[in-house]
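The structure under discussion appears below in the form of structure tokens.
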Number of protein chains: 2
Amino acid sequence: MIIDRNSPIPQYFQLQTWIIEHIEQGVFKPDEKIPTEEEFSQMTGLARATIRQAIQNCVNMGYLYRKRRLGTFVIKQNLNVNKKTIIGVMVPDIRTGYAPELARGIGDEAAANKHSIILCNTDDFYIKTNFHADNLIEHNVSGVIYVPTAASDEKNRMILEKFTRKNIPVVLADRVIPDANVDYATTDNFQGAYELTKYLVNKGHKRIAVILSTLFSTERQRFDGYKQALSDSNIPFDPSIVVADQGPFLENFYIKYVKKLLDDNNITAVFAGHDRIAYLVYTVARQSGLRIPEDISLVGYDDLPSSSSHPVRLTTMHQPIYEMGKQSMKLIMSRINGDVSEPQKVILKSYLVERFSVRTIHN
Amino acid sequence: MIIDRNSPIPQYFQLQTWIIEHIEQGVFKPDEKIPTEEEFSQMTGLARATIRQAIQNCVNMGYLYRKRRLGTFVIKQNLNVNKKTIIGVMVPDIRTGYAPELARGIGDEAAANKHSIILCNTDDFYIKTNFHADNLIEHNVSGVIYVPTAASDEKNRMILEKFTRKNIPVVLADRVIPDANVDYATTDNFQGAYELTKYLVNKGHKRIAVILSTLFSTERQRFDGYKQALSDSNIPFDPSIVVADQGPFLENFYIKYVKKLLDDNNITAVFAGHDRIAYLVYTVARQSGLRIPEDISLVGYDDLPSSSSHPVRLTTMHQPIYEMGKQSMKLIMSRINGDVSEPQKVILKSYLVERFSVRTIHN
DNA sequence: ATTGTTTAATTGTCTATACAATAATACAAA
DNA sequence: TTTGTATTATTGTATAGACAATTAAACAAT
């Protein structure tokens, strides 16, 4: 080892750099003893106080620890390894839809690995999302699980980039951002909606209304699955029994839509974009004196936990939301642990839960 | 200033302690210059190197900064002030009951103050709570909002003590720990249940069944309110139409309880300990061919957000859960900002939401 | 008025030395 | 075998002094 005595760089600094490099390159191995102050003194020709200064700085930075009479040693853990990590979780609203279930799946997997989660509500607004993103970065989160907002793909990509610039891995949950180069965990909404529609067709339904929002990638895919299933069943697509709203789910708007659907058409079944819409359909239908499934059949999508105890006994597509949470946590942990492979796509299987909201029609 | 040269405490350490104390007590003010090394040397009689060691440690700890030729100065910010804080939030299960609403209230208030929350699910188990408590402490949270578990008061106090030992302020939300010397935010469950029972009595009901768990302080208080209201109305308390379970809410058990209640007695109304029980009562009653409110009246407690869209149209006691979340966050922030006054008790007002699950009886 | 130079105060780096405290190890005593 | 004691390597604390680097401020030159 050569200390350059003519360099403007302080000699203690040269020495501490040399030590740190040797640790990081594995020359000094964890828990291994490094030379004593006296040895360093002989090696470098520096005074002991100078050597102490270098070593002390390494101790302060967490590279070394010292024991009287025994010497100076390299710290075992790689600094980051035993440091418990925090994962940011950004959902639209922890109160609504599947968010609680997702948060719980994420939380359980996190707890099992001694990690913690910071929870943020984006309300599907870019501004709030942006605020929380900055916040998470300031808190030095090790990774982020992100349910993309209803905002434009462009804006979602900006959020993504914020994290990637700081080398913080991100996993998308449920919703997807087109062409984004990140891991995600979702379900096959196209396939699910396809099966659900086919199920209605097989029960003899031909005039199947649909009501959903195209604001979210998931519901768009469900819409596509619905159309494909109709097409494959040689049932014409009728825009007059379709409500494809472009905004968020606002009850008052949807009540109007449902009323119009139920009044104006001789539909036999309604495909609701998600369970909450389905319950709304039920409530409105009831007020109009229509019974489910006697007068009109109804299917939802999600199978919210409350669905099992709800009096509607809704036939719906069960989404493994809890499992999705666990999987996204696993993805993010893999990235934190240094996995640099291609983006992973975890697509979970949904399955139909047949309850009592669909009637068989004999044509 | 006196350095005790006979003390076993190193002299550099005595000096750095003295400096830090002077900073924290405001003798050395932010951005103010402290004595030069030379001055310290004269004041203490210590060598410059010793003084440097003390000062350098203060610099490393973030108390001081130095400028060549200018001197050594106290750091502006009080370390904690501009550091965004993290608050631990421990709820039983983010998926169930009012937890999502509470978490959202807490989260919104936190976000408004640039704070973040770490969410933990205790499942009402002491072991999990203990695990998360340790975790939160390791993450250096600035405060904790805690919904006490269903475990014994003794164990809840042990959890509390963990935090107080580390000087981490705790605020209890919803549930209370007797004799614990901490802030809390809750509602008056006794008063609420009293009003609710009186409401039923005023509607002509005399045989009012009750079904709840005595595991939680909240439900115990509701039970007391119920009994007091009966007593004040000169209605005898009949244990045969009372289900006071001692365990957690397990659907299968409660279904049995409800069946027995509905079969065996000529009750006219059911007071359910919380909305989820009420929905269960509704479902079971329906299966037995009983209509609500025509055949039997039903009230719940909580007014869960889903209640408004639920087909039961449940009359229930609305709890300002969201507000409770905001208030607990405010309490914890006040403590973080150094409030050392007596424990604060925030008791929020519940109010009756009259829907269509109670029939008037004319005797 | 601007630019360059000097001065002096203060922190930054470094040497050389001394003794204290700690704790593994070997050895002696009970 | 256990307990106590001495040895010794190593880090911890402390002193005294020297020179380097930085920079505000004063002063000088243009």
Side-chain angles (χ1 to χ4, degrees), chain A residues 1-20 22-23 28-76, chain B residues 1-20 22-23 28 31-76:
Chain A
M1 167 183 28
I2 307 137
I3 296 287
D4 182 355
R5 298 186 93 98
N6 300 318
S7 163
I9 299 164
Q11 297 169 48
Y12 80 94
F13 194 88
Q14 293 183 42
L15 177 56
Q16 82 185 43
T17 306
W18 182 91
I19 293 172
I20 290 171
H22 273 61
I23 292 171
F28 293 153
K29 296 188 182 63
D31 250 348
E32 204 177 80
K33 191 183 174 201
I34 70 167
T36 65
E37 294 178 352
E38 184 53 36
E39 284 166 342
F40 268 125
S41 183
Q42 279 164 24
M43 287 158 74
T44 59
L46 298 174
R48 212 184 124 215
T50 308
I51 287 157
R52 280 186 66 72
Q53 193 176 1
I55 292 181
Q56 193 52 53
N57 283 343
C58 293
V59 170
N60 290 340
M61 286 188 283
Y63 286 99
L64 300 173
Y65 65 93
R66 326 191 70 183
K67 279 194 175 176
R68 263 189 181 160
R69 145 79 226 214
L70 296 181
T72 305
F73 304 83
V74 178
I75 274 195
K76 280 179 278 277
Chain B
M1 166 183 31
I2 308 136
I3 296 287
D4 182 355
R5 299 187 94 99
N6 300 317
S7 163
I9 298 164
Q11 296 168 47
Y12 79 95
F13 194 88
Q14 292 183 43
L15 178 55
Q16 82 185 44
T17 306
W18 184 89
I19 293 172
I20 291 171
H22 272 63
I23 293 172
F28 294 154
D31 251 347
E32 202 177 83
K33 192 182 173 201
I34 69 167
T36 66
E37 294 179 352
E38 183 53 36
E39 284 165 343
F40 269 124
S41 183
Q42 280 165 23
M43 287 158 73
T44 60
L46 300 174
R48 210 184 125 216
T50 308
I51 287 158
R52 281 186 65 71
Q53 192 176 0
I55 291 181
Q56 192 53 53
N57 283 344
C58 293
V59 170
N60 289 340
M61 285 189 282
Y63 286 99
L64 300 173
Y65 65 94
R66 325 191 72 183
K67 278 194 178 177
R68 264 190 180 157
R69 146 76 227 219
L70 296 182
T72 304
F73 305 83
V74 178
I75 275 194
K76 279 179 277 282

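Chain naming here is simple, since letters A, B, ... match the order of the sequence lines and numbering starts at 1 in each.
The interatomic distance linking A/L64 (CG) with D/dT11 (C1') rounds to 13 Å, in whole Å. Going from atom CD1 of A/I55 over to atom P of D/dT13 covers 14 Å, rounded to whole Å.
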Seminar exercise, completed: Given protein heavy atoms under 4.0 Å, the one-letter contact record of nucleotides 6-15 of chain C, with B base, S sugar-phosphate only and - none, is simply --BBBBBBSB

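Inter-residue side-chain proximity for B/Y12 and B/N57 is flagged as met; some heavy-atom pair is nearer than 4.5 Å. Counting heavy atoms from C-beta outward, A/L64 and A/V74 have side chains that approach closer than 4.5 Å.
Between A/K33 and A/E39 there is no salt bridge, since no side-chain N of the basic residue sits under 4.0 Å from a carboxylate O of the acidic one.
With rounding to the nearest 0.5 Å, the separation of CD1 in A/I55 from OG1 in A/T50 is 11.0 Å.
Under the 30°/60° scheme for interplanar angles, the aromatic rings of B/H22 and B/F28 are found to be tilted.
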